[in-house]
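Per chain, numbering begins at 1; letters A, B, ... match sequence-line order.
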Amino acid sequence: MVHFSAEEKAAITGLWGKVHVEEAGGEALGRLLVVYPWTQRFFDNFGNLSSASAIMGNPKVKAHGKKVLTSFGEAIKNMDNLKGSFAKLSELHCDKLHVDPENFRLLGNVLVIILASHFGKEFTPEVQAAWQKLVAGVATALAHKYH
Amino acid sequence: MVLSPADKTNVKSTWGKIGGHAGEYGGEALESRTFASFPTTKTYFPHFDLSHGSAQVKAHGKKVADALTNAVAHMDDLPGALSALSDLHAYKLRVDPVNFKLLSHCLLVTLACHHPAEFTPAVHASLDKFFSAVSTVLTSKYR
């Protein structure tokens, strides 16, 4: 079980309050598909993913990114019980979506990079470390029910 | 995985914009970020003072940054340009390959923090590929 100190929780929620979830979600998913093109394998029905600009502007990518990041936001409210919070989604990603958990780690790191680009100097090494712990915890929680 | 002409342009252009800050980014941010987020990486530096602001860490960050600057200048022949470093990592340092991904990630975070405008999705992709290519060369003689 991952334990977050009071400082780590503050670092995470402090930044999260300033994040535009819809915009950041689309950007995170978009960058995942651009930087790691093999991740497009899960999104055959998303239409035009033929270039970086097509991907970043794709309305389905934006919508799905928003969905994913909104779910992430719910997890932030339950940082002391990530496995419980993500139990159902974990089953879904294994049984129905068949997503290799490595992809959760890739997306988590892309999210960290986006936060860095949005927050610059505010994204100190200590803040980054708290967020790395969170994205690792979320990735592990989403993989927990895999069988 | 191959670096396309566009990738090479993106990397050269971004690295050019970093200018004289490469060393600073190397030490202050890379090691600070890598050691803070991924404490297991510290096991390779038992001989270093790892406290905040350590001169050893700054110097080492500059060393890494200078090596990357050299790699950028020789992107058409990374195995050649990095041959000595490849030998060093294989036979002397033997840093587990997973750690190159951790450092590469923190390099991307550092660049994103300091140069958000340049750090477009396409540039992000090119840099990720470049660091991956460098990492591959540095671990190519491991076995």
Side-chain angles (χ1 to χ4, degrees), chain A residues 5 7-8 11-12 15 24 26-40 49-58 61-62 65 102 105-137 139, chain B residues 1-2 4 6-7 10-11 14 21 24-42 50-54 57-58 61 98 100-132:
Chain A
S5 70
E7 290 79 15
E8 284 167 340
I12 290 164
L15 222 66
E27 200 183 337
L29 186 62
R31 280 183 187 252
L32 181 77
L33 299 174
V34 168
V35 178
Y36 310 109
W38 55 91
T39 57
Q40 293 169 26
L49 299 178
S50 59
S51 68
S53 54
I55 290 170
M56 301 310 289
N58 183 309
V61 170
K62 290 184 188 190
E102 179 58 24
R105 288 177 254 288
L106 289 177
L107 182 61
N109 278 336
V110 169
L111 178 60
V112 165
I113 286 171
I114 282 165
L115 293 175
S117 73
H118 287 189
F119 292 101
K121 293 210 165 44
E122 205 180 329
F123 201 68
T124 63
E126 292 71 33
V127 170
Q128 181 191 348
W131 274 90
Q132 295 290 168
K133 213 168 149 179
L134 176 66
V135 301
Chain B
M1 183 205 49
V2 169
S4 70
D7 288 326
N10 284 340
V11 173
T14 306
H21 290 286
E24 173 205 324
Y25 294 169
E28 189 184 306
L30 299 187
E31 260 86 354
S32 300
R33 292 187 183 279
T34 310
F35 291 156
S37 283
F38 309 109
T40 53
T41 55
K42 293 189 290 186
L50 295 179
S51 59
H52 188 63
S54 153
V57 171
K58 275 191 170 55
V98 74
F100 294 95
K101 284 195 187 184
L102 302 179
L103 179 58
S104 297
H105 170 68
C106 288
L107 274 160
L108 292 173
V109 169
T110 303
L111 292 173
C113 273
H114 290 279
H115 299 273
E118 269 83 47
F119 204 75
T120 62
V123 165
H124 174 174
S126 297
L127 285 167
D128 192 296
K129 275 172 86 172
F130 170 66
F131 293 141
S132 179

Under a 4.5 Å heavy-atom cut-off, does chain B meet the side chain of Ser51(A), its backbone, both or neither? neither

So, Asp128(B) side chain and Ala125(B) main chain: donor-acceptor pair closer than 3.5 Å or not? no

Which atoms of Tyr36(A) approach chain B - backbone, side chain, both or neither, heavy atom under 4.5 Å: side chain

Pair count under 4.5 Å, heavy atoms only, with chain A: among Pro121(B), Ser126(B), Pro116(B), highest is Pro121(B)

Under 4.5 Å from any heavy atom of chain A, what part of Phe35(B) do you find: side chain, backbone, both or neither? neither

For the backbone of Ala130(A) and the side chain of Glu8(A), can you confirm whether one donor and one acceptor N or O come within less than 3.5 Å of each other? no

If you take all heavy atoms of Glu27(A) and Met56(A), which pair is closest and at what distance? O-CE, 3.8 Å

Roughly how far apart are His115(B) NE2 and Tyr25(B) OH, rounded to 0.5 Å? 3.0 Å

